[in-house]
Amino acid sequence: MRIHSIKHLVHLYSVFFVRKILSFGVLKNPIIRVLMLISFVVLLTFISFSVFVFFSETLQTQEVVLFLLNTYSSTIVLWTIVVTIFLKLVFSKVDGFLRMTTNFPISSKERNFSVFIYETLISFIVIFLISFSVVLSMILVHQFAFIDVLIVNLLYVSTLSYLMLQVISKLVSFACVSFRIPKLFHIINLSVLVFVFAVFFNESQLLVTGLANDLLQETNETKSILLFLQQFHQDHGLMFTTLVYLSSVIGLIALIIMIPDQSYMASTKHVRLLGGFKTISIIKAYVISAIRNINTLNTVVFVYLAAIILMVFDLSDYILYTIIMIAFNSIYSFTQSQNLRHIMYRFNYKAWKDYLYLLASQLFIIYLISIPLLILGFFVIESYLQFIIPYIVVTFGALIFVMAGILFPPYHDNPFSVVTSVAVVTIPIFIIGISLTFLNLNLLWNVAIMILFYFVIIHFSIQGLTHLKRGVRNEKFG
Amino acid sequence: MKNLVKYLNSLVAATITTLIILTSSFMVMLFSSGEEGYRTSYFGSIFFKSTPTPEDTLELEFGVANGVPIVITVVVLSVLYFVLLNLKKTRTKSS
């Protein structure tokens with residue numbers, strides 16, 4: 001493996017990221033960029049302030065600080081797994097994007113390692129943002145008194161968890177290639193990651209209870225794999241823990257490099273399902289264009305596997321939440337139906353009709369996929385809220401993700417568009433949520449603002465489709 | 001129709017900007033003084049009230065005290081964004 005090839009590839013992705021994503025679509029407008037930046041700063045300040053207020057009132061004794069940091073450390077492990085699953089889900093569709101590298105004189109190992117570097121970078125940015133408020137508040141309240149605990153609980157734990165998950169993914173990839181089932185890699189890999197998440201979710205629930213009991217009874221009896229590094233740090237100090245951490249990191253990175261990896265090399269993008277229609281309508285064409293896509297099928301299988309895993313771990317109440325992953329897949333609906341749109345451009349193309357077809361097809365697929373889980377849910381779900389909430393989330397989620405896919409089309413399944421669009425769409429949603437909390441308006445006003453918000457989403461989506469049509473036809477904007 | 005789209009876009013941008021301003025001024029108000037009692041911010045439009053309870057805790061209340069400054073901000077910003085969008089269009093055309 002040559003370092004300079006990886007360096008050039010990473011540079012290529014960065015150039016692509018800056019030119020094709022950060023200067024594309026709505027982000028081309030400087031007002032939007034400034035607004036996004038201000039929103040982001042306000043959001044970060046708000047979260048940091050809330051955490052600071054909470055910490056300054058509660059974190060008075062060393063026992064409480066350690067209890068909180070140990071509990072938070074288990075949360076960080078869970079967040080690391082969630083971020084890794086999200087990135088694996090996004091990067092599982094990366095083959096089209098990586099096609100631009102096929103003519104380069106590089107090996108697939110170099111290519112995959114460069115993708116790994118980018119995945120790692122994005123993961124660490126997200127984890128940094130998640131833990132930023134806690135670290136800042138802790139430093140403001142106690143200065144650098146607990147800096148060693150912070151380093152071990154946040155930095156070391158998240159890095160090691162992330163690298164271990166990557167090693168697991170590499171092993172799954174190697175096993176899939178060895179057993180000649182490379183096409184099943186993404187499904188198996190994501191299922192294994194969900195399995196790991198379920199194990200650690202159960203473990204963290206037990207851990208929090210144990211730590212709370214320890215705090216109340218002034219004992220130190222809780223033992224957990226999630227606290228391995230913390231206990232090691234308590235017994236042997238920071239220096240020795242750092243040595244163990246560094247050697248583990250080197251060992252894990254060496255394993256990641258050494259294990260042969262053939263992922264991101266899929267050749268087929270579609271499977272011919274649901275053939276033999278006597279009549280075909282536009283809406284059918286939209287549904288089929290999404291359902292025949294190999295990535296949608298992977299997500300469907302993954303949804304069912306995730307539901308089974310949740311049931312195995314006695315978390316049956318949440319099985320309907322797995323359909324959120326299908327709602328997330330709506331982000332690809334625009335690019336999946338791009339060929340149909342190019343045909344429609346030649347005739348009487350209407351952006352609002354296109355939008356209706358997009359949304360209706362996505363909702364149809366989501367509801368269709370959810371039927372087996374819904375039937376199963378009647379037997380295993382206890383609270384009626386666990387039926388209602390997932391359906392509300394996926395219905396409105398589909399609206400948001402279809403818009404994200406239109407505003408930042410992930411052409412060639414490029415993962416950076418998806419990550420950016422999710423970030424760009426989430427920040428205003430958080431800002432609106434926080435502002436509504438402060439304003440403390442009555443129910444009627446809140447409902448009115450939410451309706452306005454969804455109206456705006458629909459309006460932006462249709463406007464986006466109109467702009468894209470003009471772009472394709474080389475028409476003037478404005 | 002084109003103007004309607006511009007009005008809508010300006011209104012959306014103005015609403016989000018107003019929400020950002022309100023959230024920022026709310027946080028500045030919280031940071032500015034540690035005293036208990038009734039405090040208002042952004043021309044008296046949002047308030048924050050903390051009263052100590054007999055159980056030695058604080059009861060917090062916050063919300064909108066006067067909606068007029070908020071509405072005025074949304075209107076002024078909408079007009080400003082609309083003018084900016086029109087200026088941008090004129091500049092693009094002349095270049």
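Note: hydrogens, waters and symmetry copies are ignored here, and every other heavy atom, side chains too, is used. Note on naming: letters A, B, ... go to the chains in the order of the sequence lines (proteins, then strands), and numbering restarts at 1 for each one.
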Answer with side chain, backbone, both or neither: which region of A:Ile432 has an atom nearer than 4.5 Å to a non-hydrogen atom of chain B? both
Close side-chain approach of A:Phe455 to B:Leu8, heavy-atom, < 4.5 Å: yes
Within a radius of less than 6.0 Å around CG of A:Leu444, do more than 12 heavy atoms belonging to other residues, nucleotides or ligands occur? no
Would you mind telling me which of B:Thr23, B:Leu22, B:Thr18 makes a side chain to side chain contact (heavy atoms under 4.5 Å, CB included) with A:Ser435? B:Thr23
Side chains of A:Trp445 and B:Val64: does their closest heavy-atom pair fall under 4.5 Å? no
Calculate, to the nearest 0.5 Å, the distance between atoms CD1 and CD1 belonging to A:Ile434 and B:Ile20 respectively. 11.0 Å
Count the heavy atoms of every other residue, nucleotide or ligand shown that sit under 6.0 Å from CZ of A:Phe146, and state whether that count exceeds 12. yes
So what's closer than 4.5 Å to chain B heavy atoms on A:Val42: side chain, backbone, both or neither? both
Does anything in residues 40-48 of chain B get under 4.5 Å of chain A by heavy atoms, and if so which residues? B:Ile46
